[in-house]
Each structure stands twice: as C-alpha cells, then as structure tokens.
Amino acid sequence: MKAAIVTQYNKNDLTLKMTTVDKPQITADQVLLKVSAAGVNPLDNMITRGEVKLIVPYKLPVIGGNEVVGKIEAVGANVTQFSVGERVFSRLPLDSIGAFAQYTAVDANAIAKVPPYLSDVQAAAIPLTALTVMQAFELMQVKKGNTIFISGGTGGVGAMAIPLAKAKGLKVITNGSVENKERVLALGVDRFIDYKTEDYTQTVANVDYVLDTLGGQETEKQMTIMKKGGQLVSLKGMPNGAFAKRMGFTGLKRLLFSFAGRKFDKIAKKYGVTYNFIFVQANGAQLTEVAKLFTKLELKPSLDTVYAFSDVNAALDKVANGRSRGKTVLDLQQGEK
C-alpha cells in the first residue's frame with residue numbers, strides 16, 4: 001500500500017516520504033480500515049519536528065497521520081461491536097498512528113460509527129478536534145449554565161468547541177478576527193469580541209472556564225478574567241505535573257514535566273484557578289457521544305482545503321504556514337474515482 005512516512009525528526013523540513021509498505025496485520029482487538037479520508041493537523045507537523053518526543057517517543061520511520069475515516073475491511077477475533085463494511089472514524093491511539101496510508105489497523109475501542117449525513121471528507125475533520133474539546137470539558141467538569149471563554153475561537157478548534165459547548169448548556173464568549181464574526185455567531189456564540197478593537201481582559205470577568213488555544217502571554221491574561229476556583233485548559237501551554245500524572249508517566253519524565261509546567265502552576269495559584277494542559281487521546285466512547293451530538297444538531301465541520309493523497313506535503317505546508325478558515329483534509333479517494 002502507499003503510505004506517507006516520517007523518516008526523521010527535523011525542525012526545518014516537514015516533508016514526508018511517499019513510499020510503498022506492507023498492508024498492516026490486525027490483532028484480535030483491532031479492525032482493518034481502508035482509508036477514505038484523513039485530517040491534517042498541526043500535531044502532524046509537531047511530530048515531524050520532534051516536539052512531542054517526550055510525550056510519545058515514536059520509533060522512526062513511522063507512518064504519519066492522527067485522524068482517519070474509512071470502511072472496515074476486516075475485524076479481529078475479539079471485536080463484536082463493529083462489522084465489515086461499516087464506515088467509522090477515529091483519532092488514532094497515540095502509540096499507533098498511521099492515517100496517511102491506504103490502510104490502517106486501529107484498536108476497536110478507538111473508533112466510532114460516522115453519522116450517515118456526513119461525507120468522508122467532512123467526517124475526517126472531526127475526531128481529533130472534537131475529542132480535544134470533549135476531554136477539555138471533562139477536565140473542567142463543565143456544568144450547564146456556566147460561562148466559558150474560548151480564546152481565538154475563529155480557528156479550527158473554536159469551530160468545534162463552540163457548538164459542543166452550547167450543546168453542554170454553556171454560555172460562550174470568544175474573540176478573534178472580525179471577518180469571521182458572523183460565522184462564529186452562527187455557531188451559537190453568545191458574545192463575540194474583535195481582538196483588534198477590544199481588550200477582553202478589560203471587559204470580561206467572572207468566567208468559569210477557559211479553553212486556551214493561544215498559549216504564550218495569553219495564558220496568564222485569560223486567568224485574570226476567571227472566577228476563583230475556575231478551570232483553564234490549555235492546548236498551547238506547557239505540560240505540567242498534573243498532566244504527567246494523568247498520562248501515567250513516572251520517574252524522570254514526571255519530574256521533567258513537573259519542572260516544565262511549574263511556571264503556569266504558580267501563575268494559576270496566584271489567581272486562584274486551576275491550570276491543565278491537554279494532549280488528546282483516542283476514545284471511541286467519547287467519539288460516539290460526539291457523533292450523537294452532531295447527528296442531533298446536524299452540525300457540519302468547517303472545511304478549508306481538500307487535497308489528494310499525493311499532495312500530502314502541500315497539505316502539511318498549508319497547516320504549517322497558511323491562514324486557515326477550517327480543517328485541511330486528505331481525500332484518498334480522489335485518485336480512485
């Protein structure tokens with residue numbers, strides 16, 4: 001089968017090698033997917049740069065890609081909840097990525113059935129971002145009626161987080177570029193802030209939760225608008241000791257993450273809030289919940305550009321360098337039609 005391979009860690013060259021490899025063999029607890037579409041994410045480039053080596057030490061070469069849609073071609077002996085021919089999607093398990101290939105083997109507990117009204121390309125835009133949001137809400141222990149601030153909500157994460165937050169009964173405030181105002185208001189935002197004309201730290205207060213998609217100096221700024229006891233989950237900050245504990249890390253690695261994240265923990269303590277860092281994990285049960293929510297609300301994800309599989313490196317470059325108004329996706333069926 002054709003596959004796009006990460007051959008080496010390189011901060012300056014994100015190019016994957018398109019090559020031919022053996023079709024994967026499944027275990028008793030896996031399914032074999034014929035891949036129809038794959039989401040392309042900043043995480044894919046972070047892996048190539050070597051930026052997640054401490055969290056997931058991949059043994060190179062490895063097939064790239066974290067987010068997949070496909071039809072089941074074979075099921076393992078222990079798999080009873082899925083059948084051959086079903087269309088499923090997944091944020092692949094951290095230790096067995098490989099969405100950028102014509103076939104991939106996936107643990108059955110990491111997949112969910114695709115809502116029938118979504119195309120393969122639309123479905124490929126959902127698992128990684130939606131699970132990030134759902135797992136962030138789980139950490140926050142969100143309660144209906146409370147308020148969440150989603151920083152930079154006009155990006156891909158915001159496009160997923162806003163409708164899911166509304167489905168959870170939250171009041172949603174976000175900021176971003178004014179040209180995207182109508183689009184995010186249509187997603188259900190209760191208050192939109194134009195970041196060029198309004199400083200949210202001066203006009204927003206008593207927020208229960210913050211989903212930090214920006215990192216850097218913005219992380220502390222967002223803590224200033226929160227209630228005492230509030231929960232901030234960052235996608236761009238530093239991993240900390242709490243993150244290492246959740247991931248099951250021990251020894252030196254746990255010590256390293258505790259040291260790396262101590263700055264954010266101290267700042268959070270100063271404001272009387274809780275800081276958490278998140279690195280999204282596979283979870284078929286949560287993805288099934290997402291699929292039900294999408295079906296109930298008839299949500300459709302925001303798409304930016306769809307590339308053929310042969311253009312995988314152009315897609316990765318788009319994610320790294322291009323302004324995005326939605327998800328970048330590979331359509332593996334383009335060359336087969």
Return yes when atom NZ of K166 has more than 12 non-hydrogen atoms of other residues, nucleotides or ligands closer than 6.0 Å, and no otherwise.
yes
Is it the case that K181 places NZ or CZ above or below the six-membered ring of F192, under 6.0 angstrom from the centre and within 45 degrees of the axis?
no
With no hydrogens and no angle check, do the side chains of D199 and T201 hold a donor and an acceptor under 3.5 Å apart?
yes
Let me see the working for T15 and D13 under side-chain hydrogen bond (donor to acceptor under 3.5 Å, both in side chains), right down to the final yes or no.
CA-CA 6 Å; T15 304; D13 184 0; 2.7 Å; yes
Evaluate the side-chain hydrogen bond (donor to acceptor under 3.5 Å, both in side chains) criterion for residues Q135 and Q281: first the C-alpha distance (whole Å), next the side-chain angles of each, then the deciding distance (0.1 Å), finally the verdict.
CA-CA 8 Å; Q135 289 167 22; Q281 299 189 66; 5.5 Å; no
Measure from the side-chain N and O atoms of Q102 to the backbone N and O of K2, and report whether any donor-acceptor pair falls under 3.5 Å.
yes
Once the angle between the rings of F264 and Y275 is folded into 0 to 90°, is it parallel (under 30°), tilted (30 to 60°) or perpendicular (over 60°)?
parallel
Indicate yes or no for a side-chain donor-acceptor contact from D95 to the backbone of V56 under 3.5 Å, with no hydrogens or angles considered.
no
Are L43 and M247 co-members of a hydrophobic cluster defined by side-chain heavy atoms under 4.5 Å apart?
yes
Taking the side chain as every heavy atom from C-beta outward, state whether L54 and F249 have any atom pair closer than 4.5 Å.
no
Please determine which of V68, V35, L316 meets the side-chain contact (heavy atoms from CB on, under 4.5 Å) test together with F100.
L316
Does the side chain of K327 pick up a donor-acceptor pair with the side chain of N41 at under 3.5 Å?
yes
Are the charged groups of E179 and K196 less than 4.0 angstrom apart, N to O?
no
Flag side-chain contact, heavy atom, 4.5 Å: V40 against K318
no
Once you round to the nearest 0.5 Å, how far does NZ of K53 lie from CG of L60?
9.0 Å
Side chain proximity check, L187 to V172, heavy atoms < 4.5 angstrom
no
I'd like to check V204 versus R191 (side-chain heavy atoms, cut-off strictly below 4.5 Å). Are they in contact?
yes
Distance col, row F257:CZ vs R246:CZ, nearest 0.5 angstrom, shows 11.5 Å
Give me the one residue out of V329, L330, L332 that meets side-chain contact (heavy atoms from CB on, under 4.5 Å) with V121.
V329
Going by an N to O cut-off under 4.0 Å, is there a salt bridge joining K221 and E218?
yes
Where the side chain of N175 meets the backbone of G152, is there a donor-acceptor pair that is under 3.5 Å apart?
yes
What I'd like to find out is whether the side chain of E220 reaches to under 4.5 Å of the side chain of Y271, using heavy atoms alone.
yes
Here's one to test your reading of the geometry: is the NZ or CZ of R262 within 45 degrees of the ring axis of F259 and under 6.0 Å from its centre?
yes
Any side-chain heavy-atom pair from D317 and L14 closer than 4.5 angstrom?
no
Treat each ILVMFWY residue as a node, draw an edge where side-chain heavy atoms are under 4.5 Å apart, and state whether V189 and I173 are in one component.
yes
Between I97 and I47, is any pair of side-chain heavy atoms under 4.5 Å apart?
yes
Non-hydrogen side-chain atoms of Q231 and D208 separated by less than 4.5 Å
no
Distance check, rounded to the nearest 0.5 Å: I111 atom CD1 versus F82 atom CZ?
4.0 Å
Under 4.5 Å between side-chain heavy atoms, hopping through other hydrophobics if needed: is there a path connecting V6 to M18?
yes
Could you tell me whether a side-chain N or O of Y58 sits under 3.5 Å from a main-chain N or O of T48, the two making a donor and an acceptor?
no
